Amino acid sequence: MRNEDLIARSRAALWHPCTQMKQLEDLPPLPIARGEGPWLIDYAGRRYLDAISSWWVNLFGHANPRINAALVDQLHRIEHVILAGCTHAPVVELSERLARLTGLGHAFYGSDGASAVEIALKMSYHYWRNCGRPEKTGFVSLRGGYHGETLGALSVTDVALFKDTYAPLLRITHQVMSPDARAAEAGETAEDVARRAATDLAAYLERHADTTAALILEPLVQGAAGFAMYHPLYLRLARELCDRHGVHLIADEIAVGFGRTGTMFACEQAPAVTPSPALPPRGGGTRVADIADFVCLSKGITGGYLPLAAVLTREAIYAAFYDDATARGFLHSHSYTGNPLACRAALAVLDIFEQDDVLAANRARAARMTELLEPVARHPRVAHFRHTGMIWAFDVIDAPLAFVRDFHRRALDLGVFLRPIGHTVYFMPPYVIGEEEMQRLAEVTLSLLDRF
Ligand SMILES: *Cc1c(COP(=O)(O)O)cnc(C)c1O
């Protein structure tokens, strides 16, 4: 196979995602023959560092021997079976382990992130309906939030480029102030911004809680809108407001779950109680269940191997569906729900987290990466250099019009795969990135900044 042949056939036979196909005339897709750890390799043997984990899904590198072995073993047992009326060991074990990790339970499976969001939105509304509150049909989300691109998920998303065209097809939802730390005014800390954003949410809920089913948010990092990062206090304040007003909180951990922000799940970084000057700070010990009524998981869940999504919720919410009446049940399904191969990949991922103490190893890795990126952070063209766990991002000052494509293309020429968003460059490497690769990433970025 030659790179050129595959590019021509791909353009003729496919419709690539999130792509104006005409632009492929100028910037063809990268033909990938194989992968090796954090590297993607084309048919001519050229290697590219996958610095964005193949759209944030890969955790432990490409062609990971341990995940491969789990999948091969599962292939000899059962590849797929309908989950309505059947069950199997991988899905049961995965559900039990996810419940232990989050404090929520009754995992409901979908295929990809957007399907998890649809499930959570429908479940939240259906819960209120089952409780005699059918008027609670509204959803509130954060400005700049991203929750996927099916019609329901897009309705709670706030990214104009993806949403405006389809606005006539969508449900009207409400967006409140994002706690994005970049919004700090002179003298304000990230924590102050979190408090200010919570005030905006409070004002909305005071007026509309009666018709609102849920708040949906991306904990700590708003990815697709340009990697806004915010203070974890916001999660605690949002939880308290949702409690006070009888509104669900849906934590969309699709991008940030599975160690991305430094803890297994981003919600765990929320303070256990609202800090008050009178009380000593109490950190740690927060579980997803202390913040969220529903958690949506996908992307990294299978280490980037197979599409799988899960929504976990509270026992009390589950109980409101448990009844003799069929229609009170959650009659939602996807054909590949709980696919055994995908569940086995997910179990292998959880094994790696445990066996290799990945969160601790990532703390050291992240500290080193941040150190290597110091010259980037200090570069005169860089604003708002920010970092959470295994995610780094910065905004480029006076980015030229074609910045996204030019930066992407020039990085490729230097053997690094990056996809800036607007004027924001971000790194979200697999957790197997090594010292030399981190150095390469930092050097390439610095040299590119000098050329814009
Ligand atoms: C990617 C993403 C989704 C959608 O997931 P898909 O698998 O692309 O449908 C939803 N929410 C967040 C926060 C995401 O990053």
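Residue numbers start at 1 and run along the sequence shown. Numbering of ligands and ligand atoms starts at 1, following listing order. All heavy atoms count here, side chains included; hydrogens, waters and symmetry mates do not. Everything quoted here is computed from the prediction, not taken from an experiment.
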*If you have a sec, work out which protein heavy atom is nearest atom 9 (O) of ligand 1 and how many Å separate them, to one decimal?*
Ala114 N, 2.8 Å

_Could you check whether any side-chain heavy atom of Phe403 comes within less than 4.5 Å of a side-chain heavy atom of Pro420, counting everything from C-beta outward?_
yes

*For atom 5 (O) of ligand 1, what is the nearest protein heavy atom, given as residue, atom name and distance?*
Gly113 CA, 3.1 Å

_Looking only at protein heavy atoms, which one is nearest to atom 12 (C) of ligand 1, and what is the separation?_
Asp252 OD2, 3.4 Å

*Taking only residues two or more places apart in sequence, or in another chain, which ones meet His384 in a side-chain hydrogen bond (donor to acceptor under 3.5 Å, both in side chains)?*
none

*Just say parallel, tilted or perpendicular for the rings of Phe353 and Phe60, cut-offs at 30° and 60°.*
perpendicular

*asked:* Under a 4.0 angstrom heavy-atom cut-off, which atoms of ligand 1 come close to Glu218?
replied: 13 (C)

*Can you say whether the rings of Phe162 and Tyr146 are parallel (under 30°), tilted (30 to 60°) or perpendicular (over 60°)?*
perpendicular

*Region of Trp56 that comes within reach of ligand 1 [heavy atoms, distance under 4.0 Å]*: side chain

*Enumerated ligand 1 atoms positioned under 4.0 Å from heavy atoms of Lys299*: 1 (C), 2 (C), 3 (C), 14 (C), 15 (O)

*Relative to the heavy atoms of Gly148, which atoms of ligand 1 are at a distance of less than 4.0 Å?*
4 (C), 10 (C)

_When you compare the side chain of Arg11 with that of Pro28, does any pair of heavy atoms fall below 4.5 Å?_
no

*How are the rings of Tyr127 and Phe321 set relative to one another: parallel (under 30°), tilted (30 to 60°) or perpendicular (over 60°)?*
tilted

*Sole residue of Trp392, Phe427, Tyr426, Phe227 in ring pair (Phe, Tyr, Trp, His ring centres under 6.0 Å) with His387*: Trp392

_With a heavy-atom distance limit of 4.0 Å, tell me whether Asp112 approaches ligand 1 through its side chain, its backbone, both, or neither._
both

*Can you sort out which atoms of ligand 1 are near Ala255, meaning under 4.0 Å from one of its heavy atoms?*
15 (O)

